[in-house]
Amino acid sequence: MNYDIEKIRSYFPILQQKVYNKPLVYLDTAASAQKPVQVLLKLEQLHNDYYGNIHRGAHYMADKATVEYEEVREKVQHFINAASRKEIIFTKGATESINLVASSFCEKYISEGDEIIVSEMEHHSNIVPWQIAAGKRNAKIVKLPFNDTGLLEIEQLPELITPKTKLIAINHVSNVLGTINPIAEIIKTAHQHNVAVLVDGAQASAHLKIDVQKLDVDFYAFSAHKVYGPNGVGVLYGKEKWLEEMPPYQGGGQMISEVSFDGTTFNDLPYKFEAGTPNISGLAAFGAAIDLVNKIGVENIGRHEHELLEYATEKLKAIDGLKIYGEAPHKSGVICFNIDGIHSYDLGMLIDKMGIAIRTGHHCADPVMQHFGITACARISFGMYNTKEEIDIFMEALNKAIMML
């Protein structure tokens, strides 16, 4: 396929602006992707033409909004190849999806002395919920380490799994190291010991083809805003067998079948886990984002970003005193680095004044920073709209900033 980058860039009006009188170069897609015009128009259309509360109203607008909402559920089902629409739970984002499982799964299946394995390279959102859940039940968190290259030491996994292990929490792609983890192998090993697996797919869903049935994953979480959709929308995929047995996460609204002061019965899946009025317009816009990603092809996007990754990595390695964190052979479009004698925050501030958006800090991954003995680093990350020319502009700005600092 001919990857028409100019046409793709035309979908993103924000990229046409200038920052500090410089053309905007946005290299922070791992934090949040920019929104295409298709998404922006859908947000406006729903509010202008047919906004109504879903699953409740007996009028045209409520009916139309409900139909569109449920169509997006089917789009997500096909996007990740789930077996049933019942397995697609809408949340506020990957963080809430993980918290839902940490709360409901652990309430049902985790007892005192049980263990949850969490990898060392996780985002805080896939560490803290498990710590909270484990603390409530006097369970134990077990760390799966990674090596200095950025590869998980999965050869340790069979030894870490014990009869007390109930779940493994792992990201598909590291937001710092860029490592694409061998989650199919991890899931297979876990299932040989009857251990469930939750995968944080926030950094994978817009860059890799996801097939939850082929992976045989128990839970998979991701956010719409990483897939060119709006904020405040997320997905939890869960195998139906788990979701049926797990207790509700929150009470109220659509998750109820019948309520009396003698007791309450809960709704069927997926509504059992969707309490309250959801982000209706955001879900509709997420459907538009999925349509665009499908039209371009997530595998085509991934190939384009990989070319950018290789191009930028080669150029960065030519800089004296620059260290890249994470050099696994299979990486997504993320590069984290530091330069001897220069704080990443100072670097980021100077580069920003040249119209280039990068990320600096601990990237919500303190254990990764601790592994390398650092407190922060700079990060560039790529989306479907980035170009090699933008990397050249970034490299020119980076070298200028190094000279100034």
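Owing to the predicted nature of the structure, the values given are computational and were not obtained by experimental measurement. This chain uses plain numbering: 1 for the first residue, then up along the sequence.
The shortest side-chain heavy-atom distance between Ile170 and Leu152 falls under the 4.5 Å cut-off. Side-chain atoms of Asp366 and Thr375, non-hydrogen and from C-beta on, never get closer than 4.5 Å to each other. For the pair Arg137 and Cys106, the minimum side-chain heavy-atom distance is below 4.5 Å. Val235 places a side-chain heavy atom less than 4.5 Å from the side chain of Ile88. Residues Met395 and Leu316 meet the side-chain proximity criterion, which asks for heavy atoms closer than 4.5 Å. By the 4.5 Å heavy-atom criterion applied to side chains, Asp352 and Ile358 are not counted as neighbours. Between Leu177 and Val368, the closest side-chain pair of non-hydrogen atoms falls below 4.5 Å. At least one side-chain heavy atom of Ile301 sits less than 4.5 Å from a side-chain heavy atom of Tyr3.
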I'd like to know whether Ile154 forms a side-chain contact (heavy atoms from CB on, under 4.5 Å) with Glu185, so could you lay out the CA-CA distance, the side-chain angles of the two residues, the decisive distance to 0.1 Å, and finally the verdict.
CA-CA 9 Å; Ile154 59 172; Glu185 183 178 349; 3.3 Å; yes
Any chance you could lay out the side-chain hydrogen bond (donor to acceptor under 3.5 Å, both in side chains) test for Ser104 and Glu107, step after step, and finish with the verdict?
CA-CA 5 Å; Ser104 295; Glu107 181 179 340; 5.5 Å; no
Between Gln156 and Glu153, does a side-chain hydrogen bond (donor to acceptor under 3.5 Å, both in side chains) hold up when you go through it step by step?
CA-CA 6 Å; Gln156 293 190 27; Glu153 297 182 353; 2.5 Å; yes
side-chain contact (heavy atoms from CB on, under 4.5 Å) evaluation trace for Phe219 with Val199
CA-CA 6 Å; Phe219 303 99; Val199 172; over 6 Å; no
With side-chain contact (heavy atoms from CB on, under 4.5 Å) as the criterion, how do Gln34 and Tyr26 come out once you've worked through the C-alpha distance, each side chain's angles and the decisive distance to 0.1 Å?
CA-CA 9 Å; Gln34 295 297 341; Tyr26 186 76; 3.1 Å; yes
Could you go through Val334 and Asn175, starting from their C-alpha distance and side-chain angles, then the distance that decides it, and tell me whether this counts as side-chain contact (heavy atoms from CB on, under 4.5 Å)?
CA-CA 7 Å; Val334 170; Asn175 73 310; over 6 Å; no
Taking it one step at a time, do Thr66 and His55 satisfy side-chain hydrogen bond (donor to acceptor under 3.5 Å, both in side chains)?
CA-CA 6 Å; Thr66 299; His55 297 133; 5.2 Å; no
Is there a salt bridge (charged side-chain N to carboxylate O under 4.0 Å, His left out) between Asp216 and Lys239 once you walk through the steps?
CA-CA 9 Å; Asp216 196 26; Lys239 284 183 177 177; 2.7 Å; yes
Take Asn81 and Tyr237 through the test side-chain hydrogen bond (donor to acceptor under 3.5 Å, both in side chains) and record every step on the way to the result.
CA-CA 10 Å; Asn81 193 32; Tyr237 160 80; over 6 Å; no
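In this structure Glu240 satisfies the salt bridge (Lys or Arg N to Asp or Glu O under 4.0 Å) test together with Lys86, sequence neighbours excluded. Under the rule for a side-chain hydrogen bond (donor to acceptor under 3.5 Å, both in side chains), the partners of His306 that lie at least two apart in sequence or sit in another chain are Glu310. The side-chain hydrogen bond (donor to acceptor under 3.5 Å, both in side chains) test applied to Thr29 returns Tyr385, not counting sequence neighbours.
Residues Tyr325 and Phe372 place their aromatic rings such that the two centres sit under 6.0 Å apart. The aromatic ring centres of Phe90 and Tyr69 sit less than 6.0 Å apart. Taking the six-membered ring where the residue is Trp, the centroids of His363 and His124 are separated by 6.0 Å or more.
Taking the six-membered ring for Trp and thresholds of 30 and 60 degrees, His47 and Tyr51 have nearly parallel ring planes, at less than 30 degrees apart. Using a 30° and 60° split on the angle between ring planes, Phe79 and Phe222 fall in the tilted class, from 30° to 60°.
When atom types are taken as modelled, the side chain of Asn279 and the backbone of Leu283 share no donor-acceptor pair closer than 3.5 angstrom. Under the 3.5 Å distance criterion, the side-chain polar atoms of Ser223 are left unmatched by any main-chain donor or acceptor of Ala202. In this structure, Glu96 contributes its side chain and Lys92 its backbone to a donor-acceptor pair below 3.5 Å. A donor-acceptor distance shorter than 3.5 angstrom exists from the side chain of Asn99 to the backbone of Thr95, with no hydrogens or angles considered. Judged by distance alone, with hydrogens and angles left aside, the side-chain atoms of Thr91 form a donor-acceptor pair with the main-chain N or O of Gly93 at under 3.5 Å. Judged purely by atom type and a 3.5 angstrom limit, Lys140 has no side-chain atom pairing as donor or acceptor with the backbone of Ala134. Side-chain atoms of Asn126 never come within 3.5 Å of backbone atoms of His123 as a donor-acceptor pair (strictly under, hydrogens ignored). Side-chain N or O atoms of Lys35 include one that pairs as donor or acceptor with a backbone N or O of Gly229 at under 3.5 Å. With hydrogens and angles disregarded, no donor-acceptor distance shorter than 3.5 Å links the side chain of Glu122 to the backbone of Val118. Distance alone, capped at 3.5 Å, places no donor-acceptor pair between the Lys188 side chain and the Ile183 backbone.
With rounding to the nearest 0.5 Å, the separation of CD1 in Ile374 from NZ in Lys323 is 8.5 Å. Note that CG of Leu215 and CD1 of Ile187 are 5.0 Å apart. Values are rounded to the nearest 0.5 Å. One distance of note links NZ of Lys331 with CD1 of Ile180; it measures 10.0 Å at 0.5 Å rounding. Atom NZ in Lys209 sits 11.0 Å away from atom NZ in Lys214 (nearest 0.5 Å).
Remark: Glu74 CD is packed, more than 12 non-hydrogen atoms of other residues, nucleotides or ligands lying under 6.0 Å away. Within 6.0 Å of CD on Glu314 lie no more than 12 heavy atoms contributed by other residues, nucleotides or ligands.
With hydrogens and angles left out, the side-chain atoms of Asp148 and His371 include a donor and acceptor closer than 3.5 Å. Side chain to side chain, Ser84 and Gln77 fail the donor-acceptor criterion of an N or O pair below 3.5 Å. With hydrogens and angles left out, the side-chain atoms of Ser332 and His207 include no donor and acceptor closer than 3.5 Å. For the residue pair Thr360 / Ser344, no side-chain donor-acceptor distance below 3.5 Å is found, with atom types taken as modelled. Checked by atom type, the side-chain pair Gln203/His172 shows no donor-acceptor distance below 3.5 Å. For the residue pair Asn171 / Asn181, a side-chain donor-acceptor distance below 3.5 Å is found, with atom types taken as modelled. With 3.5 Å as the limit, one finds no donor-acceptor pair spanning the side chains of His343 and Asn338.
The residues Glu327 and Lys317 are annotated as salt-bridged, a charged nitrogen and a carboxylate oxygen being separated by less than 4.0 angstrom. Residues Arg9 and Glu390 are paired through a salt bridge, judged by an N-O separation under 4.0 Å between the basic side chain and the carboxylate. In this structure, Asp49 does not pair ionically with Lys64, as no charged nitrogen and carboxylate oxygen lie closer than 4.0 Å. By the 4.0 Å N-to-carboxylate-O rule, Glu70 lies close enough to Arg73 to be salt-bridged with it.
Checked options Lys75, Gln38, Lys42; the residue passing with Asp291 is Lys75 (criterion: side-chain hydrogen bond (donor to acceptor under 3.5 Å, both in side chains)).
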